[in-house]
Number of protein chains: 2
Amino acid sequence: MPQRASDTPQTVSISAVAAHAGVSVATVSRVLNGQSVVKPATRDKVMASVNALGYRINELARNLRTAESRLLLTLVPDVGNPFYAEIVRGIDAVAREHNYFVLLCDTGADSGREQSYFELLQRRRADGAICLDPDTVQHALIEASPGLPWVACCEFDPGVAVPYVGIDNRRAAYDAVTHLLMQGHRHVALINSDETWLYARQRKQGWIDALTGRGITPEPDWCVNVAGLDYDTGNRAAQALMQRAKPPTAIFAVSDTLAIGVLAGLRTAGKRVPHDVAVVGFDNIALAAQVEPALTTIAQPMRELGMTAARLLLQRLAQPEQNVPGLLLAHQLVVRQSSQTT
Amino acid sequence: MPQRASDTPQTVSISAVAAHAGVSVATVSRVLNGQSVVKPATRDKVMASVNALGYRINELARNLRTAESRLLLTLVPDVGNPFYAEIVRGIDAVAREHNYFVLLCDTGADSGREQSYFELLQRRRADGAICLDPDTVQHALIEASPGLPWVACCEFDPGVAVPYVGIDNRRAAYDAVTHLLMQGHRHVALINSDETWLYARQRKQGWIDALTGRGITPEPDWCVNVAGLDYDTGNRAAQALMQRAKPPTAIFAVSDTLAIGVLAGLRTAGKRVPHDVAVVGFDNIALAAQVEPALTTIAQPMRELGMTAARLLLQRLAQPEQNVPGLLLAHQLVVRQSSQTT
DNA sequence: ATGAAAGCGCTAACAA
DNA sequence: TTGTTAGCGCTTTCAT
């Protein structure tokens with residue numbers, strides 16, 4: 001005969017409350033779930049027993065019965081990056097509003113880890129997922145397990161049948177580089193991330209379009225691809241760039257964290273910003289306004305991106321059949337000192 | 001008669017696998033849980049059926065049966081702060097190693113929210129919790145619901161029977177301020193957070209001890225208390241400090257994020273660091289080495305703090321009766337340009 | 001307005 | 001080595 005699986009001091013169950021209140025478990029359940037059919041007097045009696053016994057609902061049992069975990073999986077390449085951190089907060093805000101909790105998973109943009117976290121969906125530990133990983137990884141997900149309830153945020157392939165929210169990356173990069181060109185720069189370097197990311201390919205295209213649109217042909221070595229987005233990576237990339245025979249007079253980095261590292265790297269290389277080299281970043285994290293010189297950047301509506309992604313997912317969970325559209329939010333160029341030659 | 005609670009396309013259950021393989025559910029369960037009693041041939045047969053049917057275990061059911069959620073609650077005042085972000089990563093690493101997931105909750109250091117998240121423990125949605133919130137909040141927790149399985153990280157009251165890990169804050173602050181005094185400073189201001197935090201009170205004590213130890217009596221207005229830890233708060237506090245009749249020649253801020261804001265604020269006030277004002281922070285977040293000038297700070301072993309907290313919690317879950325000790329990890333002064341007068 | 005009872009899908013004691 | 005079976009604690013249908 002089975003016994004208690006846990007050796008926790010005995011926990012009060014719904015039937016204990018029912019016995020104490022002299023009603024059935026069904027009635028207790030109704031009170032607990034706020035069903036209006038219960039007679040006020042009965043409700044009071046039940047609540048009195050709940051308090052007397054210190055009863056707490058066991059959500060493990062409820063979850064099994066209702067077949068939902070009320071957990072939303074969020075797959076993030078790097079939670080330490082302030083950009084992603086802010087998006088996660090947006091997701092969290094909406095999730096909480098709807099009585100969901102967020103299970104945050106740091107994938108390191110690794111396809112294997114991503115895949116293993118996705119298992120959580122199939123094992124019913126999470127009801128749905130929001131994926132911020134490279135579109136290449138997303139493709140693998142769809143191949144391996146189609147039909148799972150998830151949405152894409154920031155990174156997505158419009159050609160794939162997964163709801164998404166993001167910005168127009170090509171256009172945003174175009175705006176950033178054009179701003180630099182209007183300051184008189186002709187040699188604008190691009191510090192880009194790994195091009196397994198769709199956003200990297202799109203921003204590169206924007207950079208190319210802006211340059212060629214002004215009659216400048218970008219040399220292949222004007223573009224540097226780096227492996228991560230941390231400060232130090234940007235720092236080293238900038239120093240390497242400055243040691244070339246023909247160093248650029250302006251640098252566009254595809255992330256503020258990189259750009260802030262670039263500022264440090266230029267300092268080490270003895271370059272003054274913006275006098276010797278202008279710098280533009282991407283994202284507009286809180287720190288961008290605090291560094292010296294303050295960083296010109298493309299503002300992404302991070303919180304909104306997260307909130308929208310969460311809403312799309314909840315919508316998908318509520319109406320699995322209904323087609324959910326892709327959404328693009330507006331970006332904005334924020335000009336600060338790091339790019340002002342005048 | 002009850003029906004399926006969810007309208008999900010029918011999901012394959014363990015009994016379907018059992019039927020398909022021609023064995024009992026118990027045998028399937030044994031295979032799934034890697035029990036060695038099963039005959040290899042049987043195991044293969046079962047696995048073949050698992051694959052054929054695309055079966056995935058339903059962890060909702062397992063959780064109910066085994067009476068555990070395998071979720072660890074982590075209560076953080078501000079996930080956006082890089083200091084906490086790094087600790088959370090440490091927690092996450094250990095949790096994953098032991099097949100737990102982390103449920104991250106941003107409390108904003110608010111007692112009410114903290115309390116409501118704590119409910120998750122009583123409702124069995126989480127097996128244990130790690131709390132990084134003010135010791136004042138922790139006290140409230142103990143009053144309201146004693147006996148719950150949790151541990152304290154960074155912030156704790158040694159007098160309370162909850163396992164904890166942290167550093168010697170008084171000593172660390174003492175070291176930081178002493179370093180400043182050895183550079184010849186006599187008027188060292190303290191930018192402190194709200195003193196509902198034990199660490200704030202302890203660091204203040206370290207600041208006082210260092211000053212008085214060198215024959216300096218700190219004036220009350222040398223200490224400024226601020227409400228948050230974000231960059232902008234530090235920025236404004238520094239500017240306010242500089243507008244006084246007798247501005248300090250050195251500033252000790254109890255967090256790197258504040259200190260980085262201070263650097264920006266001093267710049268705005270036309271002060272050069274470290275020439276006019278020296279600055280020391282606390283935590284040694286990644287950014288501290290990248291700002292201009294690079295920030296002198298107290299390094300906390302953030303990742304270790306998180307990992308240790310997680311281990312303490314797991315230990316407590318494994319052996320609820322056993323007394324778990326409080327632990328202090330070592331800090332370290334990291335001297336960079338922001339405090340080097342020479 | 002309330003109760004009786006059937007499971008949700010799994011684990012584990014016990015029997016064979 | 002394997003099968004039978006009793007629950008884990010809850011929600012919900014159906015009957016009253």
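The chains referred to below are lettered A, B, ... by the order of the sequence lines, with proteins before strands, and numbering in each begins at 1.
- Across all strands, A/S29 comes closer than 4.0 Å to base atoms (heavy-atom distances).
- Between the side chain of A/R30 and the base of C/dG3, a donor-acceptor pair under 3.5 Å is found.
- With C/dT11, C/dG9, C/dA4 as the choices, the nucleotide that has an atom nearest any side-chain atom of A/S24 turns out to be C/dA4.
- For B/L32 and C/dC10, the CG to P distance is 8 Å, given to the nearest whole Å.
- Side-chain atoms of A/T107 do not come within 3.5 Å of backbone N or O of A/L75 as any donor-acceptor pair.
- Candidate nucleotides C/dT2, D/dC10, C/dT11 were compared by shortest atom distance to the side chain of A/T27, and C/dT2 ranks first.
- Between B/Y117 and A/F101, the angle of the ring planes goes over 60°, which puts this pair in the perpendicular group of the 30/60° scheme.
- Distances were taken from every side-chain heavy atom of A/R62 (C-beta onward) to each of D/dG3, D/dC10, C/dT2; the shortest belongs to D/dC10.
- Between B/R65 atom CZ and C/dC10 atom P there is a gap of 13 Å when expressed in whole angstrom units.
- For the pair B/I14 CD1 and D/dG3 P, the interatomic distance rounds to 12 Å; values are reported in whole Å.
- Using modelled atom types, one side-chain atom of B/R316 and one backbone atom of B/W150 make a donor-acceptor pair closer than 3.5 Å.
- Mapping B/K39 and B/A61 onto DNA chain D by nearest heavy atom places B/K39 at the nucleotide closer to the 5' end.
- When heavy atoms are screened at a 4.0 angstrom cut-off, A/N33 is found touching the sugar-phosphate backbone but no base atom.
- B/V38 comes within contact range of the sugar-phosphate backbone alone, with a heavy-atom separation under 4.0 Å but no base atom that close.
- Separating the CZ atom of B/R56 from the P atom of C/dG9 is a distance of 17 Å, rounded to the nearest angstrom.
- Side chain of A/Y55, nearest nucleotide from D/dC10, D/dC8, D/dT2: D/dC10.
- Atom CD of B/E59 and atom P of C/dT11 are 10 Å apart (whole Å).
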